[in-house]
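Computed from a predicted structure; not experimentally measured.
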Amino acid sequence: MIHIRLIDKGIIEYSEAFAFQSDLFEEHKRNREAEDCLIYCEHPHVYTLGKHGSQNNLLVSQTFLNTIGATYHITDRGGDITYHGYGQLVGYPIINLEHFSIGLKEYIYRIEEAVIETIGKYGIKGKRVEHATGVWVDADNQEKKICAIGVKASRFITMHGFALNVNTDLKYFSYINPCGFTDKGVTSIKELTGGKDVNFDEVKKIFATAFARQFGGEIE
């Protein structure tokens with residue numbers, strides 16, 4: 001069984017987390033037998049734009065971002081623009097896909113499955129939407145994203161990952177076209193379970209178990 005090391009960085013600035021995972025990413029490219037990792041964290045308010053995204057999907061000015069205490073970064077993951085903030089579980093798996101004998105498409109599928117399994121524990125039915133990576137739910141007669149996924153892979157090593165809205169303040173998504181969409185919404189576990197804060201540590205444990213199951217590994 002493959003061992004996957006869980007690294008919980010707690011609340012950490014996006015730029016610091018990016019540097020941390022980048023170092024691990026480069027280490028894994030040099031050492032093909034390096035231990036696979038899953039990094040957990042929360043970010044202070046930040047908007048990130050994927051390499052093929054449109055800056056027009058940021059709907060406010062830098063001055064406005066300053067007033068709400070948010071930063072903005074253009075990064076090298078896939079996907080368009082998204083928001084990270086407090087109460088959102090961000091996960092960055094740094095793994096060698098060759099260890100699991102899978103490609104990038106299957107890797108993303110398995111992350112989605114782990115998220116669907118996790119939110120299912122809270123009575124939420126997750127789904128996929130064609131041509132839209134991530135996990136979605138049907139709520140209020142609309143498709144709403146509950147988990148964004150944007151990844152990068154080089155020489156079968158992955159970085160970046162997923163952002164699952166647990167207790168996230170959803171108003172921050174109103175300042176962007178989330179993931180480039182103008183016809184879909186955003187939601188959270190909290191919003192879909194009555195509006196009370198969800199036990200964040202419990203969500204972490206549930207996801208870690210689901211992730212390990214999907215990848216046939218063991219979280220340590």
Side-chain angles (χ1 to χ4, degrees), residues 14 38 43 45-60 70 72-85 87-93 95 97 100 102-154 158-193 203 206-207 210-211 214-215:
Y14 181 81
L38 170 61
H43 295 309
H45 306 302
V46 58
Y47 295 94
T48 66
L49 182 71
K51 59 185 177 181
H52 300 304
S54 170
Q55 296 198 43
N56 292 332
N57 286 319
L58 177 65
L59 306 178
V60 295
Y72 174 63
H73 295 270
I74 298 174
T75 188
D76 59 352
R77 61 164 172 78
D80 206 285
I81 196 166
T82 196
Y83 162 76
H84 300 307
Q88 182 188 70
L89 177 58
V90 176
Y92 297 129
I95 66 173
L97 297 178
F100 303 92
I102 59 173
L104 190 60
K105 192 171 182 179
E106 176 67 19
Y107 167 68
I108 293 171
Y109 182 91
R110 293 190 190 191
I111 292 178
E112 291 170 340
E113 280 296 297
V115 172
I116 289 169
E117 182 178 332
T118 299
I119 64 176
K121 298 291 186 180
Y122 295 90
I124 300 167
K125 184 175 176 55
K127 70 173 192 175
R128 294 177 179 81
V129 172
E130 192 174 3
H131 307 306
T133 302
V135 176
W136 301 76
V137 300
D138 290 316
D140 304 320
N141 298 311
Q142 187 182 33
E143 290 177 330
K144 294 186 176 184
K145 180 170 273 191
I146 194 168
C147 181
I149 296 175
V151 302
K152 171 186 175 180
S154 175
T158 67
M159 67 177 288
H160 298 293
F162 68 90
L164 174 60
N165 295 325
V166 181
N167 299 318
T168 318
D169 186 343
L170 299 176
K171 76 181 179 189
Y172 285 88
F173 286 99
S174 67
Y175 308 133
I176 60 174
N177 292 324
C179 302
F181 291 102
T182 58
D183 61 339
K184 300 182 188 299
V186 181
T187 190
S188 66
I189 296 177
K190 176 180 178 177
E191 181 178 65
L192 295 172
T193 55
V203 176
I206 292 171
F207 181 84
F211 185 85
Q214 286 299 320
F215 286 88

Non-hydrogen atoms of [X] and [Y] that approach each other most closely:
X	Y	value
P93	T158	O-OG1, 2.8 Å
I146	S188	CD1-C, 3.8 Å
I102	R110	CG2-NH2, 3.2 Å
K144	E191	NZ-OE1, 4.2 Å
H84	T48	NE2-OG1, 3.9 Å
K145	N165	O-ND2, 4.0 Å

Value rounded to 0.5 Å, distance of [atom1] in [X] from [atom2] in [Y]:
X	Y	atom1	atom2	value
M159	D76	CE	CG	5.5 Å
L104	Y107	CG	OH	8.0 Å
I74	L58	CD1	CG	10.0 Å
E113	F215	CD	CZ	10.5 Å
I124	L192	CD1	CG	4.5 Å
Y122	T193	OH	OG1	8.5 Å

Got [X] and [Y] here, is their nearest side-chain heavy-atom distance under 4.5 Å?
X	Y	answer
I119	V137	yes
F162	V151	no
D80	L49	yes
V186	Y83	no

Q | Set of residues satisfying side chain to side chain donor-acceptor pair (under 3.5 Å) with respect to D138, sequence neighbours excluded | A |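 With neighbours one apart ignored, the set is K127.
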Quick check: does any side chain N or O of [X] sit under 3.5 Å from a backbone N or O of [Y], one acting as donor and the other as acceptor?
X	Y	result
D169	K171	yes
T133	I149	no
R128	E112	no

**Q.** Residues that A70 engages under side chain to side chain contact (heavy atoms under 4.5 Å, CB included), provided they are two or more places apart
**A.**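 A70 satisfies side chain to side chain contact (heavy atoms under 4.5 Å, CB included) with H45, Y47, L65, I68 only.
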Q: Determine whether the aromatic ring centres of Y175 and Y72 lie less than 6.0 Å apart.
A: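 When the ring centroids of Y175 and Y72 are compared, they turn out to be at least 6.0 Å apart.
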